[in-house]
Amino acid sequence: MSAILCSDAAAGLKTLPQGCARMCVTSPPYYGLRDYGTDGQIGVEQSPREYIDRLVEVFAEVYRVLRPDGTLWINISDSYAGSGKSPMYIQVAGNVKNKNLYDMKSRIYEMPKKWDKIKPKDLIGIPWMLAFALRDFGYYLRSDIIWHKLNCLPESVKDRPTKSYEHIFLLAKSPKYYYDYKSIQEPIKAVTAARYMRGRSGKAKYAETKMCQGIDRKTDAVTDESRQFKRKRDVWEVSTNTFRMDEHFAMYPEKLIEPCILAGSEKGDTVLDPFFGSGTTGAVAKRLGREYIGIEINPKFCEKAYARIENAGEG
């Protein structure tokens with residue numbers, strides 16, 4: 001049965017029974033980038049270490065709630081140390097409707113801008129700090145998927161490349177876990193099919209069955225349905241979101257998490273998201289025939305997520 005819990009993430013997770021979710025896909029608030037005006041929110045801690053410790057507390061409960069063969073997919077981005085101007089002013093310029101989130105009274109401006117061994121302008125390394133902390137906790141760190149944003153926001157910075165990607169970490173509770181690779185296979189490219197077809201001559205590279213990197217190269221590769229697809233790679237090219245919610249614009253797109261849910265669960269399974277936000281996870285889960293449990297600390301987001309999911313179609 002699907003549900004939305006309006007609660008702090010760790011507290012809400014503690015109310016759930018052990019092993020009730022097949023998978024979890026989520027995007028926690030990024031460190032030092034936004035203040036959503038909610039007491040107890042994550043992302044405005046006094047140091048990166050405190051931020052990571054709070055996330056580990058949440059994902060420790062996720063570990064308990066997951067089934068033994070469950071997986072955890074985390075979308076997270078990095079932050080810079082420094083004056084605090086760069087990320088904030090970029091967001092204000094690009095999001096006119098949400099300038100109230102960046103009022104100078106925001107808790108973001110009360111945060112320290114440098115910490116021990118982290119210099120001003122340093123890239124903090126938040127994603128890998130979290131990944132390694134969860135690995136130390138007991139999760140199996142299985143993949144670092146790069147979300148390449150095809151329409152990333154421009155940056156005014158002139159002394160480094162413009163950031164155009166975020167991380168999605170795939171972690172597992174056990175060494176053997178549920179992962180349906182066939183559900184997210186991609187069609188081979190036309191040039192690949194053409195290369196296989198050229199391999200039909202007796203002197204060509206693929207004229208006979210050959211083993212190369214564990215792949216059986218056969219002359220019937222194009223006509224065999226199983227050879228018309230390739231396994232999904234770890235760089236995903238997806239445009240940023242087209243769905244809009246005035247109070248919450250930091251939402252991952254449905255196309256980004258659809259393969260996570262397809263690969264990590266079966267129809268009828270429960271998908272968990274402890275940072276539910278606008279309800280993207282719930283909307284995709286419903287459309288794909290899954291149940292969902294969402295936990296969100298902001299009551300306004302809970303209301304709007306519920307309304308959004310009510311209007312979502314079901315597959």
Side-chain angles (χ1 to χ4, degrees), residues 22-27 69-77 127 131 140-152 163-172 176-200 204-206 209-243 251-269 271 273 280-290 292 312-315:
R22 186 63 176 276
M23 66 166 297
C24 173
V25 57
T26 192
S27 184
D69 63 349
T71 52
L72 166 62
W73 308 66
I74 305 175
N75 168 221
I76 192 163
S77 187
Y140 290 83
L141 180 57
R142 295 296 296 135
S143 185
D144 171 28
I145 300 160
I146 298 300
W147 169 21
H148 174 206
K149 299 180 179 181
L150 296 175
N151 58 340
C152 66
K163 190 77 176 289
S164 63
Y165 75 93
E166 294 183 13
H167 298 266
I168 301 176
F169 288 115
L170 166 59
L171 302 107
K176 292 185 178 181
Y177 52 92
Y178 183 82
Y179 181 82
D180 181 8
Y181 75 89
K182 290 184 178 180
S183 67
I184 57 173
Q185 288 186 132
E186 300 172 328
I188 61 174
K189 293 183 178 180
V191 293
T192 303
R195 186 171 71 248
Y196 285 150
M197 291 298 292
R198 290 196 299 270
R200 288 187 171 281
K205 182 178 180 181
Y206 302 130
T209 299
K210 296 181 182 294
M211 292 299 295
C212 178
Q213 297 180 341
I215 301 174
D216 192 3
R217 308 284 191 180
K218 294 183 178 180
T219 55
D220 63 346
V222 178
T223 56
D224 182 355
E225 184 177 352
S226 66
R227 303 299 301 143
Q228 295 178 21
F229 296 90
K230 63 181 180 181
R231 297 185 186 181
K232 194 168 184 65
R233 276 38 175 180
D234 59 4
V235 176
W236 298 358
E237 295 186 335
V238 180
S239 298
T240 54
N241 221 327
T242 55
F243 181 83
M251 301 175 288
Y252 49 27
E254 293 190 6
K255 288 185 178 180
L256 182 69
I257 64 163
E258 183 174 306
C260 305
I261 294 176
L262 286 171
S265 65
E266 300 175 279
K267 284 193 173 184
D269 285 341
V271 178
D273 185 349
T280 302
T281 298
V284 177
K286 179 182 178 181
R287 176 164 54 81
L288 297 178
R290 277 74 167 168
Y292 65 86
E314 184 173 350

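Hydrogens, waters and symmetry mates are skipped; everything else that's a heavy atom, side chains included, is used. Numbering of residues begins at 1 and proceeds along the displayed sequence.
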Where [X] and [Y] come nearest, the two heavy atoms and their spacing:
{"X": "S239", "Y": "P253", "value": "O-CG, 3.4 Å"}
{"X": "E254", "Y": "A283", "value": "OE2-CB, 4.0 Å"}
{"X": "Y292", "Y": "A285", "value": "CB-CB, 4.1 Å"}
{"X": "K163", "Y": "S77", "value": "NZ-OG, 3.8 Å"}

Quiz item: Angle class for the F169/H167 ring planes (parallel below 30°, perpendicular above 60°, tilted otherwise)?
Solution: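 Answer is parallel, since the angle falls under 30°.
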Once you round to the nearest 0.5 Å, how far does [atom1] of [X] lie from [atom2] of [Y]?
{"X": "L170", "Y": "L141", "atom1": "CG", "atom2": "CG", "result": "8.5 Å"}
{"X": "E186", "Y": "F229", "atom1": "CD", "atom2": "CZ", "result": "10.5 Å"}
{"X": "T280", "Y": "L256", "atom1": "OG1", "atom2": "CG", "result": "10.0 Å"}
{"X": "L171", "Y": "C24", "atom1": "CG", "atom2": "SG", "result": "10.0 Å"}
{"X": "K232", "Y": "K230", "atom1": "NZ", "atom2": "NZ", "result": "9.0 Å"}
{"X": "K267", "Y": "L262", "atom1": "NZ", "atom2": "CG", "result": "9.5 Å"}

Practice problem: Start with the C-alpha distance between E258 and R287, add both sets of side-chain angles, then the distance that settles salt bridge (Lys or Arg N to Asp or Glu O under 4.0 Å), and finish with yes or no. | Solution: CA-CA 10 Å; E258 183 174 306; R287 176 164 54 81; 3.1 Å; yes
Under the 3.5 angstrom rule, does the side chain of [X] hit a backbone N or O of [Y] as a donor-acceptor pair?
{"X": "W147", "Y": "V238", "result": "yes"}
{"X": "R290", "Y": "S265", "result": "yes"}
{"X": "D69", "Y": "Y178", "result": "no"}

Quiz item: Between Y179 and R142, does any side-chain donor sit less than 3.5 Å from a side-chain acceptor?
Solution: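 Distance-only check fails for Y179 and R142.
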Is there side-chain contact between [X] and [Y], with heavy atoms separated by less than 4.5 Å?
{"X": "N75", "Y": "E166", "value": "yes"}
{"X": "V284", "Y": "V25", "value": "no"}
{"X": "W236", "Y": "I145", "value": "yes"}
{"X": "Y252", "Y": "T281", "value": "yes"}
{"X": "S164", "Y": "H148", "value": "yes"}

